[in-house]
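For reference, the structure discussed in these notes is given below.
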Protein chains: 2
Amino acid sequence: MLNRVHLNGLRAVETVARLGSLAGAAAELSVSVSAVSQQVKRTEKQLGQALFERTPGGLVPTEFGAAFTARLSAGFRELAQAVALANETNECTLVVSVAPAFASKWLLPRLSRHFARHPNVLLRIDASARVADLDRSDIDIAIRLGDGKWPGGRAELLLAQEVFPVCAPSIAAKLKSIGDLAQTCAITDERAMFSWDGWFEAAGVEPVTFQKGARFTDPMLCLESAIAGHGVMLAWQLLTADALADGRLVAPFGIRAESGLGYWLVTSATKSESRKVRDFKAWIREEIEATMAQFRALDSAA
Amino acid sequence: MLNRVHLNGLRAVETVARLGSLAGAAAELSVSVSAVSQQVKRTEKQLGQALFERTPGGLVPTEFGAAFTARLSAGFRELAQAVALANETNECTLVVSVAPAFASKWLLPRLSRHFARHPNVLLRIDASARVADLDRSDIDIAIRLGDGKWPGGRAELLLAQEVFPVCAPSIAAKLKSIGDLAQTCAITDERAMFSWDGWFEAAGVEPVTFQKGARFTDPMLCLESAIAGHGVMLAWQLLTADALADGRLVAPFGIRAESGLGYWLVTSATKSESRKVRDFKAWIREEIEATMAQFRALDSAA
DNA sequence: ATAGCCATCCAGTTTTTCTAAAGTGAACGG
DNA sequence: CCGTTCACTTTAGAAAAACTGGATGGCTAT
């Protein structure tokens with residue numbers, strides 16, 4: 001039905017009818033009077049109906065034109081509301097894409113503080129393994145582990161990640177030296193992006209062979225398993241922060257290895273950075289800093 | 001609010017969301033898939049929000065996209081209804097512009113027969129003195145007295161008009177010869193397009209000077225005045241048809257003068273002739289014919 | 001008269017939109 | 001495993017639509 005008419009023409013007609021003059025409509029649509037005049041005329045032709053009476057004082061809707069434009073106004077009002085909704089949503093909800101483990105082990109426990117500071121920003125956490133294209137999804141920010149190379153994204157380093165062994169305190173009690181690891185089970189994340197070799201190298205010792213232990217495809221399960229005392233796992237700094245702070249886990253030996261990777265904050269290279277994104281960035285840096293201070297406190301206590 | 005987005009893009013988005021695929025939308029909008037794809041992408045950019053998730057199976061609205069397109073659908077439905085209304089009105093109502101006198105003295109009494117024949121066509125009679133531009137008003141047909149020259153209009157002769165004196169029967173009784181007119185009052189239409197001289201010439205007699213009589217600016221009032229027996233008026237054939245038929249008026253002397261003018265049916269030269277217009281034309285010609293037959297019957301009775 | 005509105009027309013330019021054709025990438029089917 | 005299909009994207013160039021600015025013409029009020 002709408003195929004035979006041009007939408008812009010309808011919009012011109014609606015605006016003219018509402019404002020009562022071409023000049024007014026031209027101003028609202030920010031085009032020239034001439035352009036509006038032509039649009040109106042074309043639309044009348046397409047409809048096969050005159051919509052306005054040309055009087056010396058200006059354009060006056062015909063009987064039919066008045067009924068018609070009333071309908072149009074309702075329609076365009078609806079469209080405008082939809083767009084307004086978009087802008088509002090745009091400003092007020094922030095979609096953050098993170099890996100599930102990061103979300104649950106570090107981000108979620110801190111989120112209430114973001115809400116306290118920015119009560120009008122609604123956060124939506126998209127916790128999925130795959131990294132969606134930032135330009136083609138409604139994701140504003142992705143927080144991902146990697147080397148900082150994201151094609152088509154603007155990446156900022158949040159924190160270079162170190163890896164180190166962690167385990168339940170009960171197990172740590174039996175670990176007097178690195179060699180004792182041979183008597184413990186290794187909890188392995190099959191999808192991990194690093195291996196024990198790196199850590200042994202950083203510790204300056206020959207690699208130790210573990211007892212066979214549990215294997216998972218999810219870092220979160222590894223962490224739970226370690227807390228449950230099933231063995232030793234090689235963990236990312238940030239994911240263990242809270243468990244270390246409250247003593248559910250401990251980090252024996254105190255030796256940490258650079259992983260060469262880090263947590264990066266990635267935003268679309270094409271979209272311009274909005275207020276909500278800036279605010280979130282500032283907030284998360286403070287949280288990172290607080291977590292690091294926690295680490296330092298633990299270190300010096302040890 | 002709507003200024004920052006392109007309407008066509010919104011339409012593309014709405015259609016894709018409703019039909020669930022680019023291909024479907026492309027068919028409905030009768031453009032290529034590619035065009036729709038581009039429109040959707042541009043709109044997402046303008047909104048600063050992704051509206052669809054690109055999955056292998058096709059485009060799936062994001063959470064926000066679903067809410068957004070629901071609104072859009074409502075808006076476009078409204079617009080479509082407006083346009084549908086236009087088409088319907090277009091087909092079903094016929095606007096006829098006529099002079100008030102012609103409307104009331106000839107057209108209106110016959111209109112019920114048009115309705116009987118075309119019950120679904122709603123007639124609107126625009127009875128005004130000024131002749132509006134047919135291209136720039138919603139008038140489908142104008143019936144006007146003139147010489148057939150209408151710039152920018154397609155004119156067809158309905159009936160060449162003759163003029164002749166008419167008066168109430170009581171006055172006619174006193175008129176044995178044309179000379180007796182000198183003892184009667186003339187009822188004058190100050191805006192008339194012809195004068196008595198033409199009729200006297202057609203009658204082949206010297207002009208007669210009347211008694212002073214009433215003067216009007218409206219042919220309808222002249223006619224009423226003549227019926228009331230205030231004098232003799234020089235009248236158009238068609239306008240007096242009914243009054244002559246039922247005897248309220250009579251035409252003494254039986255001499256008629258060509259006026260050089262006629263009733264013309266004028267339609268826009270640019271708009272194509274629609275069904276309702278053709279039907280109306282056919283109907284009015286039949287009515288004219290019937291009226292003329294009436295005249296001939298009166299003539300032969302005399 | 002003359003200036004000021006309002007709208008229209010016209011011609012040329014800019015912008016948008018569309019198409020066609022090649023390309024991607026996931027899923028399907030032998 | 002290879003080739004096909006499906007659904008969408010990309011690109012470049014062509015076509016269509018929209019816009020501008022200046023000229024024009026009617027009407028109103030000084």
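All values below were derived from every heavy atom in this structure, side-chain atoms included, with hydrogens, water molecules and symmetry-related copies excluded. The chains referred to below are lettered A, B, ... by the order of the sequence lines, with proteins before strands, and numbering in each begins at 1.
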### Task
Quick one: which residue pairs count as a ring pair (Phe, Tyr, Trp, His ring centres under 6.0 Å) with a foot in residues 1-22 of chain B, not counting sequence neighbours?
none
### Message
Using the rule given for salt bridge (charged side-chain N to carboxylate O under 4.0 Å, His left out), can you reason through R11(B) versus E28(B), listing the C-alpha separation, both sets of side-chain angles and the distance that settles it, and then say yes or no?
### Response
CA-CA 11 Å; R11(B) 186 148 144 70; E28(B) 177 165 318; 5.0 Å; no
### Angle by which the axis turns from one end of the helix from dA1(C)-dT30(D) to dG30(C)-dC1(D) to the other, five pairs per end, to 10 degrees
20°
### Message
Could you tell me how far apart L22(A) (CG) and dT20(D) (P) are, to the nearest whole angstrom?
### Response
13 Å
### Query
Checking all strands, does S21(A) fall into the base, sugar-phosphate, or nothing category for heavy-atom contacts under 4.0 angstrom?
sugar-phosphate
### Message
Pairing donors with acceptors under 3.5 angstrom, does anything connect the side chains of Q39(A) and T43(A)?
### Response
no
### Task
Could you check R154(A) against E273(A) for salt bridge (charged side-chain N to carboxylate O under 4.0 Å, His left out), going step by step and ending with a plain yes or no?
CA-CA 10 Å; R154(A) 197 158 39 197; E273(A) 190 174 81; 5.0 Å; no
### Message
Without decimals, in angstroms, what is the distance between R42(A) CZ and dT8(C) P?
### Response
15 Å
### Query
Is the gap between the ring centers of F194(A) and W236(A) under 6.0 Å?
yes
### Query
In residues 2-15 of chain A, which ones come under 4.0 Å of DNA chain D, going by heavy atoms?
H6(A), N8(A)
### Summary
Between the CG atom in L261(B) and the CG atom in L159(B), the distance rounded to the nearest 0.5 Å is 12.0 Å
### Query
Taking only residues two or more places apart in sequence or in another chain, which ones pass side chain to side chain donor-acceptor pair (under 3.5 Å) with T217(A)?
none
### Query
Counting only side-chain N and O atoms of Q39(B), is one of them less than 4.0 Å from OP1 or OP2 of dC18(C)?
yes
Please list each protein N or O that sits under 3.5 Å from an N or O in nucleotides 21-30 of chain D, with the distance.
unit_1  : atom_1 : unit_2 : atom_2 : d
dG21(D) : O6     : S34(A) : OG     : 2.6

### Message
Quick one, Q161(B) and L145(B) - any side-chain contact, counting heavy atoms below 4.5 Å?
### Response
yes
### Task
Output, in order, the C-alpha distance, side-chain angles, deciding distance and verdict of salt bridge (charged side-chain N to carboxylate O under 4.0 Å, His left out) for E44(A) and R54(A).
CA-CA 13 Å; E44(A) 286 181 320; R54(A) 271 65 176 181; 3.1 Å; yes
### Message
Below the 4.0 Å mark, does dC6(C) have OP1 or OP2 next to a side-chain nitrogen or oxygen of R54(A)?
### Response
no
### Message
Output the rounded distance in Å from CD (Q46(A)) to P (dA17(D)).
### Response
9 Å
N/O donor-acceptor pairs under 3.5 Å from side chains in residues 76-84 of chain B, not counting sequence neighbours:
unit_1 : atom_1 : unit_2 : atom_2 : d
E78(B) : OE2    : R71(A) : NE     : 3.1
Q81(B) : OE1    : R71(A) : NH2    : 3.3

### Query
Between S73(B) (side chain) and T69(B) (backbone), is there a donor-acceptor pair under 3.5 Å?
yes
### Message
Using OP1 and OP2 only, check whether a side-chain N or O of K41(B) sits under 4.0 Å from dC8(D).
### Response
no
